[in-house]
*Asks:* 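Structure incoming, see below.
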Amino acid sequence: SQFRKTELCVFHVQGWCSKGARCEFAHGDNELQPVPNLTKTSLCRRWLNHACKFSSSECRFAHGAQEQRITRTYINPAAGTGKRNTRKRGGSEGSPRAPDSDEGK
């Protein structure tokens with residue numbers, strides 16, 4: 001999941017998380033991961049119906065396939081698990097659909 005370890009485990013804080021290393025939540029600040037930037041990763045449903053009141057630059061959803069982004073974790077669902085994804089997908093690094101870094105956004 002793109003959201004694995006992006007929040008602290010409330011059960012671990014209380015001392016009774018039974019999942020241990022399998023827990024989807026962080027067991028301390030050292031495990032916390034940045035929340036992925038999902039801006040423009042989905043098409044705007046209102047735009048598809050010609051009803052979005054926001055301009056393309058104001059809307060957090062993509063106004064057309066040319067704006068749509070794909071995150072690295074989506075391309076490589078094994079990211080964070082230590083497994084390698086050997087399939088090549090996505091555009092070139094310069095294309096709008098090229099995977100974007102989730103860091104620093």
Side-chain angles (χ1 to χ4, degrees):
S1 163
Q2 294 191 71
F3 294 97
R4 181 174 169 76
K5 307 279 185 185
T6 58
E7 294 180 46
L8 286 172
C9 175
V10 295
F11 299 108
H12 180 75
V13 171
Q14 296 171 357
W16 48 287
C17 179
S18 62
K19 295 185 178 183
R22 294 184 336 265
C23 187
E24 292 286 316
F25 297 91
H27 286 181
D29 291 338
N30 60 322
E31 287 188 3
L32 277 173
Q33 298 296 311
V35 176
N37 175 11
L38 299 179
T39 305
K40 305 279 187 189
T41 57
S42 298
L43 286 175
C44 177
R45 291 182 186 194
R46 290 185 176 140
W47 177 81
L48 289 170
N49 292 319
H50 307 285
C52 185
K53 64 181 180 179
F54 298 108
S55 70
S56 175
S57 62
E58 296 171 321
C59 187
R60 64 184 185 171
F61 297 99
H63 285 191
Q66 74 281 0
E67 289 186 3
Q68 199 168 8
R69 297 186 317 96
I70 300 172
T71 63
R72 290 193 188 280
T73 305
Y74 181 80
I75 289 173
N76 183 5
T81 64
K83 298 178 183 174
R84 286 182 38 182
N85 182 352
T86 57
R87 294 182 295 170
K88 293 184 180 181
R89 299 176 81 182
S92 67
E93 286 297 320
S95 77
R97 291 189 48 86
D100 291 334
S101 172
D102 294 332
E103 297 176 25
K105 293 187 179 180

*Asks:* Could you report the tightest heavy-atom contact between Pro36 and Thr6, atom names first, then the distance?
*Replies:* CD-CG2, 4.4 Å

*Asks:* Check whether any side-chain heavy atom of Phe25 lies under 4.5 Å from a side-chain heavy atom of Val13, and answer yes or no.
*Replies:*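 Result no, sub-4.5 Å side-chain heavy-atom pair not found.
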
*Asks:* Would you mind reporting whether Asn37 and Thr71 have side-chain heavy atoms less than 4.5 Å apart?
*Replies:* no

*Asks:* What distance do Lys40 atom NZ and Cys59 atom SG have between them, rounded to the nearest 0.5 Å?
*Replies:* 5.5 Å

*Asks:* Between His63 and Trp47, how do the two ring planes meet: parallel, tilted or perpendicular, split at 30° and 60°?
*Replies:*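 His63 and Trp47: parallel rings.
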
*Asks:* Quick check for you: to the nearest 0.5 Å, what is the distance between Cys23 atom SG and Arg4 atom CZ?
*Replies:* 8.0 Å

*Asks:* Might you point out which heavy atoms bring Phe3 and Leu38 nearest each other, and give the distance in Å?
*Replies:* CZ-CD1, 3.5 Å

*Asks:* Measure the spacing between CG of Leu43 and CD of Gln68 and express it to the nearest 0.5 Å.
*Replies:* 4.5 Å

*Asks:* Hey, what do you get for CD (Gln33) to NZ (Lys5), rounding to the nearest 0.5 Å?
*Replies:*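 Here the rounded value is 9.0 Å.
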
*Asks:* At what distance, to the nearest 0.5 angstrom, does CZ of Phe54 lie from CZ of Arg46?
*Replies:* 7.5 Å

*Asks:* Of the non-hydrogen atoms in Leu32 and Ala26, which two are nearest, and what is the gap between them?
*Replies:* CD2-CB, 3.7 Å

*Asks:* So how far is it from Glu7 CD to Cys9 SG, rounded to the nearest 0.5 Å?
*Replies:*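 Output value for this atom pair is 10.5 Å.
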
